[in-house]
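All remarks here apply to the structure that follows.
First listed ligand is number 1; within each ligand, the first listed atom is number 1. Keep in mind that the numbers below use all heavy atoms, side chains included, and drop hydrogens, waters and symmetry copies. All of these numbers come straight from a predicted model, not from anything done at the bench.
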Amino acid sequence: MSILKIVEYPEPILRIKGEKVETFDEKLRQLIEDMGETMWDAPGIGLAAPQVAQSLQLIVVDVTEPGEEKTFMALVNPVIVAHEGMQVDEEGCLSVPELTAKVDRYKKITVDYQDEQGNPKQLIAEDRFAVVLQHEIDHLNGILFIDHLSPLKRNLYKKKRKRMLLEAGQEN
Ligand code: NI
């Protein structure tokens with residue numbers, strides 16, 4: 001297992017739609033293990049393959065029950081097939097440093113996906129878990145949570161991020 005490098009905005013790979021996973025082999029399972037480890041290390045509660053520079057339809061999400069050992073699950077080729085209601089929650093992203101913001105999301109979603117062996121599955125998620133899944137599935141379509149903010153807030157962040165990168169560049 002190894003910890004992968006998380007790419008950050010504005011890396012172009014974050015804007016590319018991930019390829020559908022067709023091969024369920026040891027390489028895929030290794031990537032899933034590494035993504036899980038990378039997510040714990042960050043630490044985060046969800047991670048999408050494009051965030052580790054793999055342009056694939058694959059996410060991992062934290063499914064730890066309170067008081068239980070840490071557990072994550074992988075969803076391969078996930079698609080939201082039904083939704084209900086709306087909710088607003090605070091979001092952040094490992095690829096969008098130093099920003100959290102409130103985002104409108106569906107309250108309840110049904111997701112079709114495949115497990116790491118390629119078996120077709122379906123799950124229903126609500127509340128915070130539904131938020132995490134919507135955020136991660138967005139990544140697979142090149143969408144970041146800042147895209148859901150007002151143009152004003154998004155532009156403020158773009159300026160801030162430019163400044164951050166400029167300052168980081170000057171230190172090197
Ligand atoms: Ni994210």
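The count of protein N, O or S atoms under 2.8 Å from the Ni ion (ligand 1) stands at 3, with waters excluded from the count.
Residues Asp62 and Thr64 have side chains that bring a donor and an acceptor to within less than 3.5 angstrom of each other.
In this view, Thr38 satisfies the side-chain hydrogen bond (donor to acceptor under 3.5 Å, both in side chains) rule with no residue, not counting sequence neighbours. Legend: residues meeting side-chain hydrogen bond (donor to acceptor under 3.5 Å, both in side chains) with Lys102, ordered by chain and number and at least two apart, are Glu90. Applying the ring-ring contact (aromatic ring centres under 6.0 Å, His included) criterion to Phe129, with sequence neighbours excluded, gives no partner residue.
Ion pairing between Arg105 and Asp89 fails under the 4.0 Å rule for side-chain N and carboxylate O.
Remark: the backbone N or O of Tyr106 is paired with a side-chain donor or acceptor of Gln87 at under 3.5 angstrom.
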